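Note on naming: letters A, B, ... go to the chains in the order of the sequence lines (proteins, then strands), and numbering restarts at 1 for each one. Only a predicted model underlies this, so the values are computations on that prediction, with no experimental measurement involved. Side chains are part of it too, since the values below use all heavy atoms of this structure and drop only hydrogens, waters and symmetry mates.
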Protein chains: 2
Amino acid sequence: MKRSSRLSLALHALVHLHKQPDEAMTSTTLATCLMTNPVVVRRALGELRDAGIVGSTKGHDGGWRLLRPAKDISLHAVYSAMGESLLIRTESDPGDIACGIVRTVNTVMGEFIADAEALLAARLERVSIADIANQATPNPLHPHHGVHHHG
Amino acid sequence: MKRSSRLSLALHALVHLHKQPDEAMTSTTLATCLMTNPVVVRRALGELRDAGIVGSTKGHDGGWRLLRPAKDISLHAVYSAMGESLLIRTESDPGDIACGIVRTVNTVMGEFIADAEALLAARLERVSIADIANQATPNPLHPHHGVHHHG
DNA sequence: CCTAATGTAACAATATTAGTTACATGAAAC
DNA sequence: GTTTCATGTAACTAATATTGTTACATTAGG
């Protein structure tokens with residue numbers, strides 16, 4: 001697995017929920033689609049639940065569903081809900097603290113990153129889960145039928 | 001240590017080389033300033049040497065020096081020389097390969113990242129090592145004397 | 001009260017990154 | 001030419017971050 005698979009994992013799950021609006025999907029079902037563990041799904045979606053993006057219900061016929069239309073869920077909302085960023089973290093540069101250069105590099109880099117962060121946030125705000133779903137070109141071998149039986 | 005300290009490490013080293021243009025600095029001296037191991041310094045600067053940004057000489061009075069003025073070394077040159085990026089890598093999303101959604105998420109994200117990469121590259125191109133050095137506000141407690149005896 | 005779901009803590013496994021040791025190579029000093 | 005001081009690099013170890021797993025508590029419905 002690669003770094004920050006959490007992000008694509010969450011997006012993947014959200015698109016699934018969007019495509020199946022009628023009934024809640026369980027963590028186990030999603031985990032099968034995402035080829036991971038139900039607990040990992042809960043952890044990721046739990047953060048989105050705290051941000052009011054998805055809702056979860058326990059017990060019979062419980063599971064996850066979107067709390068608002070996919071077109072109203074921006075990628076930026078997802079990312080900030082998960083405390084993630086597209087940019088690397090470059091805080092806390094190693095180096096002798098008595099050396100002024102360290103702090104200068106950190107300052108310059110920090111400003112650059114903050115600037116870039118704002119730039120990307122604005123762009124991510126303009127992309128929604130619906131945008132991703134609409135671009136979904138079904139796999140010619142396994143077209144979607146609403147139910148996802150993993151291969 | 002934080003992720004991609006390699007980047008700030010390299011920048012830190014380059015500013016040191018810029019501030020000391022008269023003689024070469026050894027990996028050991030730099031390692032002391034950067035609070036790391038000489039081999040780590042060699043690994044990082046080695047990539048910059050391959051890119052023609054710095055030069056190294058062996059033997060007595062050997063070490064590292066800049067091969068061109070600091071104002072002509074852009075952050076983008078440094079980053080691409082090291083094969084690094086300011087953006088996270090999101091390649092190879094986990095998920096069932098038979099599920100079209102996986103590929104769609106990857107496609108959309110990939111395009112977004114590529115776009116952002118180009119954007120940031122252009123911005124990094126406009127910042128040089130000299131820009132960082134000029135912004136260096138010396139530590140009031142330990143002003144620079146040219147030689148860096150670590151604390 | 002049994003089943004099916006989430007919630008979460010604690011732990012194990014894995015992957016990534018940084019640090020270290022060891023030794024070969026090359027250049028200047030003596 | 002031999003010694004010394006430097007880089008070059010491979011191999012290994014250690015530390016860190018991430019992901020996966022197990023176990024069990026909680027809640028809802030039949």
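One atom, CD1 of A/Ile88, and another, P of C/dT16, lie 17 Å apart when rounded to the nearest Å. Atom-to-atom, CE of B/Met35 to P of C/dT20 comes out at 11 Å; the value is rounded to the nearest Å. Rounded to whole Å, atom P of C/dA5 lies 12 Å from atom CG of A/Leu30. For the pair A/Trp64 CH2 and D/dA28 P, the computed distance is 15 Å after rounding to whole Å. Taking atom CG on A/Leu45 and atom C1' on C/dA5, their separation rounds to 14 Å, with Å as the unit. The CD atom of B/Glu84 sits 8 Å away from the P atom of C/dT17 (whole-angstrom rounding). Atom-to-atom, CG of B/Leu9 to C1' of C/dT17 comes out at 13 Å; the value is rounded to the nearest Å. Straight-line distance from the CZ atom of B/Arg6 to the C1' atom of C/dT17: 10 Å, rounded to whole Å.
By the side chain to side chain donor-acceptor pair (under 3.5 Å) test, B/His76 pairs with B/Glu125, sequence neighbours left out. A/Thr36 meets the side chain to side chain donor-acceptor pair (under 3.5 Å) test with no other residue; sequence neighbours excluded. Scored by the side chain to side chain donor-acceptor pair (under 3.5 Å) test, B/Ser56 finds no partners at all (sequence neighbours excluded). Residues passing the side-chain contact (heavy atoms from CB on, under 4.5 Å) test with B/Thr28, sequence neighbours excluded: B/Thr26, B/Pro38. By the salt bridge (Lys or Arg N to Asp or Glu O under 4.0 Å) test, A/Arg43 pairs with no residue at all, sequence neighbours left out. Among residues two or more places apart in sequence or in another chain, the side-chain contact (heavy atoms from CB on, under 4.5 Å) test is passed with B/Asn37 by B/Val39, B/Val40. For A/Ala51, the side-chain contact (heavy atoms from CB on, under 4.5 Å) criterion is met by A/Ile53, A/Ala81, not counting sequence neighbours.
Taken from CG in B/Leu9 to CG in B/Leu34, the straight-line distance is 5.0 Å, to the nearest 0.5 Å.
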Sub-3.5 Å pairs of nitrogen or oxygen atoms, protein against nucleotides 10-15 of chain D:
unit_1 : atom_1 : unit_2  : atom_2 : d
D/dA11 : N6     : B/Arg43 : NH1    : 3.3

Any protein N or O atoms within reach of nucleotides 26-30 of chain C? Criterion: under 3.5 Å, listing atom names and distances.
unit_1 : atom_1 : unit_2  : atom_2 : d
C/dG26 : O4'    : B/Lys58 : NZ     : 3.2
C/dG26 : N2     : B/Gly59 : N      : 3.2

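Among the nucleotides C/dT6, C/dT20, D/dT19, the one closest to any side-chain atom of A/Arg42 is C/dT6.
Taking each heavy atom of A/Met82 and A/Ala44 in turn, the nearest pair found is CE-CB, 4.0 Å.
Listed by first then second residue, pairs satisfying salt bridge (charged side-chain N to carboxylate O under 4.0 Å, His left out) with a partner in residues 114-123 of chain A read A/Asp115-B/Arg123, A/Arg123-B/Asp115, not counting sequence neighbours. Applying the salt bridge (charged side-chain N to carboxylate O under 4.0 Å, His left out) rule to pairs touching residues 58-72 of chain B yields nothing, sequence neighbours excluded.
Near DNA chain D, defined here as any heavy-atom distance below 4.0 Å, the residues from residues 47-56 of chain B are B/Arg49, B/Ser56, listed numerically.
Contact annotation: B/Ser27 side-chain N/O to D/dT7 OP1/OP2 distance is under 4.0 Å. In terms of phosphate contacts, A/Ser5 brings a side-chain nitrogen or oxygen within less than 4.0 Å of OP1 or OP2 of D/dT19.
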